[in-house]
Amino acid sequence: MKTGVGILVLAACFVLSPMAAWANWKAVEKVETYSITGKSGPELYASIGERGPKASVGRAIAHTNFKLTWIRDYQPQGDGCTLVTARPKLTITYMLPKPSQKLPAPIKRNWDTFIAGVEAHEIVHGDQIKDMVKAIEATSVGLSVPNDPNCTKVREELQQRLGKLSMEQRQRSRDFDRVELSNGGNIHQLILNLVNGG
């Protein structure tokens with residue numbers, strides 16, 4: 001029996017039908033915050049621009065990171081090798097802004113609407129990541145390569161498949177952000193309501 005542990009750490013700025021194999025794992029999801037200041041919508045949004053997580057251009061309002069590790073059981077079978085089990089351990093971390101001081105009542109109502117919408121947006125990214133992990137599991141378990149007594153070719157074949165699935169997840173994330181952040185999109189509307197609401 002040959003067991004390997006793989007690690008994949010990626011970030012996403014901004015279903016598959018359930019199978020019995022997926023019942024053995026569950027993603028750990030946690031929320032972390034960064035502190036912002038201000039007592040009005042424009043001040044809060046300006047502070048996000050100064051303190052938000054770094055993005056490809058400037059800073060983001062929020063961010064979804066994940067860490068994915070695998071325990072894989074490769075077993076030589078005849079002259080080939082089969083990946084008989086692949087168990088993921090997935091941790092998703094949502095980074096969100098949090099005001100450092102108590103907000104006036106009308107501003108707090110605007111803020112609560114804003115942050116609920118932002119968190120919902122990031123949870124979609126989290127769901128996309130979970131979908132990717134399920135797809136990786138589905139393509140991994142049972143993968144077999146002939147003429148591979150040392151279980152090296154099967155690992156290479158798996159890496160090629162994982163690269164494709166990772167690129168698909170990143171594209172889904174970018175496409176989702178493009179819609180949400182466009183003029184009139186959900187995040188755009190949340191920003192306008194926060195800033196113009198006071």
Side-chain angles (χ1 to χ4, degrees), residues 1-32 53-57 60 62-96 118-182 186-187:
M1 181 176 73
K2 301 189 179 192
T3 303
V5 178
I7 299 177
L8 176 65
V9 180
L10 295 173
C13 269
F14 260 58
V15 177
L16 303 170
S17 60
M19 294 174 64
W22 299 344
N24 296 329
W25 67 271
K26 184 176 181 182
V28 174
E29 296 179 83
K30 56 187 182 179
V31 174
E32 295 180 355
K54 290 182 180 178
S56 55
V57 178
H63 202 228
T64 297
N65 283 318
F66 71 93
K67 180 178 180 181
L68 175 61
T69 60
W70 291 90
I71 297 175
R72 298 185 176 105
D73 181 8
Y74 297 89
Q75 292 190 2
Q77 296 181 346
D79 69 342
C81 184
T82 300
L83 175 52
V84 294
T85 60
R87 293 197 318 273
K89 181 179 179 184
L90 174 63
T91 302
I92 300 172
T93 304
Y94 304 105
M95 177 65 71
L96 302 171
V118 169
E119 185 170 7
H121 171 94
E122 295 303 318
I123 286 172
V124 171
H125 283 306
D127 289 343
Q128 291 172 343
I129 291 163
K130 285 183 273 186
D131 286 347
M132 178 192 68
V133 175
K134 292 173 186 176
I136 290 172
E137 184 180 27
T139 197
S140 298
V141 177
L143 179 62
S144 185
V145 174
N147 302 315
D148 188 22
N150 295 320
C151 295
T152 54
K153 295 178 184 176
V154 71
R155 294 170 194 263
E156 292 170 2
E157 173 64 23
L158 179 62
Q159 289 306 311
Q160 290 181 8
R161 295 185 181 197
L162 300 190
K164 182 174 183 284
L165 291 170
S166 176
M167 292 302 295
E168 288 173 358
Q169 182 271 326
R170 291 183 192 185
Q171 189 60 53
R172 283 183 69 196
S173 177
R174 284 192 295 265
D175 291 345
F176 176 64
D177 278 342
R178 189 176 301 113
V179 172
E180 290 270 293
L181 295 167
S182 65
N186 184 49
I187 296 297

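Every residue was checked against the side chain to side chain contact (heavy atoms under 4.5 Å, CB included) condition with Val179, not counting sequence neighbours, and none meets it.
Of the N and O atoms on the side chains of Thr64 and Glu122, at least one donor lies less than 3.5 Å from an acceptor on the other residue. The closest side-chain donor-acceptor pair between Gln77 and Thr82 falls under 3.5 angstrom. Looking only at atom types and distance, the side chain of Glu29 has a donor-acceptor partner in the side chain of Tyr94 under 3.5 Å away.
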Can you check side-chain contact (heavy atoms from CB on, under 4.5 Å) on Trp25 and Leu90, steps first, answer last? CA-CA 9 Å; Trp25 67 271; Leu90 174 63; 4.2 Å; yes
Start with the C-alpha gap between Leu96 and Val31, add the side-chain angles, then the distance that decides, and say whether side-chain contact (heavy atoms from CB on, under 4.5 Å) holds. CA-CA 7 Å; Leu96 302 171; Val31 174; 3.8 Å; yes
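Looking only at side-chain heavy atoms (C-beta outward), Tyr74 and Val145 stay at 4.5 Å or farther from each other. In this structure, Ile92 and Val28 have side chains that are not in contact, with every pair of non-hydrogen atoms separated by 4.5 Å or more. At a threshold of 4.5 Å between non-hydrogen side-chain atoms, the residues Ser173 and Gln169 count as touching. In this structure, the side chains of Leu68 and Lys89 stay at 4.5 Å or more apart for every pair of heavy atoms.
Nearest heavy-atom pair across Leu158 and Leu83 is CD2-CD2, 3.9 Å. Pairing each heavy atom of Ala86 with each of Pro88, the nearest pair is O-CD, 3.6 Å.
The side chain to side chain contact (heavy atoms under 4.5 Å, CB included) test with Cys81 is passed by exactly one of Asn150, Thr152, Leu143, Asp148: Asp148. In summary, of the residues considered (Gln159, Arg161, Arg155, Lys153), a side chain to side chain donor-acceptor pair (under 3.5 Å) with Glu157 occurs for Arg161 alone. Screening Gln171, Lys164, Arg170 against Glu168 for a side chain to side chain donor-acceptor pair (under 3.5 Å) leaves a single residue, Lys164.
Formation of a donor-acceptor pair under 3.5 Å by the Ser140 side chain with backbone atoms of Ile136 is found in this model. Listed for the Asp73 side chain is no donor-acceptor partner under 3.5 Å among the backbone atoms of Thr85.
At a threshold of 4.0 Å, the pair Arg172-Asp175 does not count as salt-bridged, since none of the basic side-chain nitrogens sits closer than that to a carboxylate oxygen. Taking a cutoff of 4.0 Å between a charged side-chain nitrogen and a carboxylate oxygen, Lys130 and Asp127 qualify as a salt bridge.
Here ring-ring contact (aromatic ring centres under 6.0 Å, His included) pairs that include residues 153-181, with residues two or more places apart or in two chains, are His121-Phe176, His125-Phe176.
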